[in-house]
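Lettering of chains follows the sequences in order, A, B, ..., and the numbering in each one begins at 1. Because the structure is predicted, anything quoted here is derived from the model rather than measured.
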Number of protein chains: 2
Amino acid sequence: MDTRTNILKTALELYNSQGVNTITSRHIAAKMGISPGNLHYHFRQTDEIIKTLYEHLAADFDVLVSELESIHPVSLDTLRDFAVRSLELAYKYRFIFLHFVEISLRVPAIRKDYYALTQRREKEFFAIFRQLKKEGIFRTDLPESIWEALVTQIFIMGDFWLSNNELTGRLKGSNAIKHYSEIFSGMFYPYLTPAAQARMAE
Amino acid sequence: MDTRTNILKTALELYNSQGVNTITSRHIAAKMGISPGNLHYHFRQTDEIIKTLYEHLAADFDVLVSELESIHPVSLDTLRDFAVRSLELAYKYRFIFLHFVEISLRVPAIRKDYYALTQRREKEFFAIFRQLKKEGIFRTDLPESIWEALVTQIFIMGDFWLSNNELTGRLKGSNAIKHYSEIFSGMFYPYLTPAAQARMAE
DNA sequence: TAATAATTAGTACATTTGTTCTAAATACAG
DNA sequence: CTGTATTTAGAACAAATGTACTAATTATTA
């Protein structure tokens, strides 16, 4: 395998399992059996590794979102499917979410990028809400401010369910994803019309 | 002022403003104008400073909870008041929430303590939910699993609203608290009975 | 094949960090 | 006032870290 790709793969493994602050470029090189010099030939600065991994995550997530947007009409099932895929992706790059503030301090470019991203996503969520209301899945009797609060909730839950898992359950892999996708389902439930709630209970 | 207390005060300031990983015991000593030797006379290990600050937070929060539990019957206003006080307290010790996973890795005792705490809190929340249902404030037509999901939501939101603020809005002090207490209100809204919703809209 | 470019190993260096140690200064008790 | 305990400063050390540098090896290209 390409050394550069291998560095990214090994770094992801180590960051995920031991945290972004305990793992240094030397650890990554040692685990791969290459010299520190070699590693720094491919990534002059260690932070570039983190930045690259973040970019991979962002790119993968963009694919998920554009897939979602291509489906019309949006059903509750497509939404649930999207949620599960998002959780899986987040789990793959979990060190980013587990150390999000740390990383955004260390690599300011990530912070800027993330900020721009949330601005875009916010609009996309509102568009999806609008569709789901039209289709009789989401309630239409809630004040607008409630939907705004929901978007922030989605962001916080989406970014930090992994941290919650780390601090409490420590569920691994598919167990974690299963548990938290149920939390996400539950989170939307009170926003559904009675008809949609009934369909969900089946 | 007591040197020990002063160390804690200065450490809190620096951790809050610059993060727990960038600030070292030397930074704290320098800011206070004392020697590193002196600082380590009072706290043999730097982590003890973090642990002590966490204990202060936990103790302060315990006071809030026991105050809440002493009030009968629980109204929507007491709940909102409790939420605002909680947010204020979290803001005071914000570095802990901004670096929760980091810290729990660095100081395993904190992790254990937090885990035990959430177990307790979970029960307390269910008890409060039961009361609020009895009083006609919370809906009684939602399945039990939805309330379980809500508790996890409350934990995640409560622990990570500060991280969300750090990554996006960067609101300061009372502005942050105001904004996120509205998010919290919005979060509970769909769980309220129509009567309670109407009263809230006033 | 010869020359050039890319990759790699290994070493080296300045900085930082947590912590310890010693001695001085200060506070306090009898 | 004298002796003891507490507090403080400052130096010292070992370990770790990011990164740069040099020389060797390997791959590529003409």
Side-chain angles (χ1 to χ4, degrees), chain A residues 1-55 95-96 98-99 101-111, chain B residues 1-55 95-96 98-99 101-111:
Chain A
M1 195 196 314
D2 194 27
T3 305
R4 197 187 138 90
T5 321
N6 203 2
I7 291 171
L8 291 171
K9 187 180 155 246
T10 312
L12 182 60
E13 273 176 40
L14 289 175
Y15 286 149
N16 275 344
S17 60
Q18 297 183 243
V20 85
N21 273 295
T22 33
I23 294 301
T24 71
S25 61
R26 278 177 160 88
H27 291 131
I28 300 166
K31 167 116 185 189
M32 292 173 65
I34 67 169
S35 65
N38 190 5
L39 186 141
H40 272 85
Y41 168 76
H42 290 281
F43 293 94
R44 255 191 110 182
Q45 275 144 25
T46 315
D47 287 353
E48 282 172 28
I49 300 176
I50 295 172
K51 196 169 165 244
T52 307
L53 287 171
Y54 170 82
E55 281 160 4
F95 85 94
I96 294 177
L98 292 172
H99 307 271
V101 174
E102 294 293 323
I103 289 174
S104 80
L105 285 171
R106 227 175 111 167
V107 192
I110 291 183
R111 186 223 178 67
Chain B
M1 197 197 309
D2 194 28
T3 303
R4 195 187 140 91
T5 321
N6 203 3
I7 291 172
L8 291 171
K9 187 179 156 249
T10 311
L12 182 60
E13 273 175 40
L14 289 176
Y15 286 150
N16 276 343
S17 61
Q18 298 184 241
V20 83
N21 273 295
T22 33
I23 295 302
T24 70
S25 61
R26 278 177 159 87
H27 290 132
I28 300 164
K31 166 115 183 189
M32 292 174 65
I34 67 169
S35 65
N38 190 5
L39 186 141
H40 273 87
Y41 168 76
H42 290 281
F43 293 93
R44 254 191 112 181
Q45 276 144 24
T46 315
D47 287 353
E48 282 172 25
I49 300 176
I50 294 172
K51 195 167 166 247
T52 308
L53 287 171
Y54 170 82
E55 282 161 2
F95 85 96
I96 294 176
L98 292 172
H99 308 270
V101 174
E102 294 293 325
I103 290 174
S104 80
L105 285 173
R106 226 176 113 167
V107 192
I110 289 182
R111 184 220 180 69

Any side-chain N or O of R44(B) under 4.0 Å from OP1/OP2 of dG18(C)? no
Could you pull out the closest heavy-atom pair between I110(A) and K51(A), with the gap in Å? CD1-CA, 4.1 Å
Test item: H42(B) and I34(B) side chains (from C-beta on) under 4.5 Å apart, heavy atoms: no
Heavy atoms of chain A, cut-off under 4.0 Å: which first and last nucleotide of DNA chain D, 5' to 3', fall inside that, if you could look? dT17(D) to dA20(D)
Under 4.0 Å from any atom of DNA chain D, heavy atoms only: list the residues of residues 5-20 of chain A that qualify, in numerical order. none
Starting from P on dT16(C), measure out to CG on N21(B) and report it in whole angstrom. 16 Å
From CA spacing to verdict: side-chain contact (heavy atoms from CB on, under 4.5 Å), F43(A), L8(A): CA-CA 10 Å; F43(A) 293 94; L8(A) 291 171; 3.7 Å; yes
Is there any protein nitrogen or oxygen under 3.5 Å from a nitrogen or oxygen in nucleotides 10-12 of chain C, and what are the pairs?
| unit_1 | atom_1 | unit_2 | atom_2 | d |
| --- | --- | --- | --- | --- |
| dA12(C) | N6 | R26(A) | NH2 | 3.2 |

For side-chain contact (heavy atoms from CB on, under 4.5 Å), just list the numbers for R106(A) and T22(B), CA-CA rounded to whole Å, side-chain angles, deciding distance to a tenth of an Å, and then say yes or no. CA-CA 9 Å; R106(A) 227 175 111 167; T22(B) 33; over 6 Å; no
Candidates K31(B), M32(B), R26(B) - the one meeting side chain to side chain contact (heavy atoms under 4.5 Å, CB included) with I28(B): M32(B)
Given Y54(A) and I103(A), is the side-chain contact (heavy atoms from CB on, under 4.5 Å) satisfied, shown in steps? CA-CA 10 Å; Y54(A) 170 82; I103(A) 289 174; over 6 Å; no
Below 4.0 angstrom from OP1 or OP2 of dT7(C), is there any side-chain N or O of Y41(A)? yes
If we only count heavy atoms from C-beta on, is the T3(A) to Y41(A) side-chain gap below 4.5 Å? no
Side-chain contact test, heavy atoms from C-beta onward, threshold under 4.5 Å: evaluate it for L39(A) versus P36(A) and give yes or no. no
dT17(C) OP1/OP2 closer than 4.0 Å to side-chain N/O of S25(B): no
How about R111(B) and V107(B): do any of their side-chain heavy atoms sit closer than 4.5 Å? no
Evaluate T52(B) against R4(B) for side-chain contact (heavy atoms from CB on, under 4.5 Å), listing each step before the verdict. CA-CA 11 Å; T52(B) 308; R4(B) 195 187 140 91; 3.9 Å; yes
For a 4.5 angstrom cut-off between non-hydrogen side-chain atoms, does Y15(B) reach L53(B)? yes
Expressed as a whole number of angstroms, how long is the span from I50(B):CD1 to dT17(C):P? 14 Å
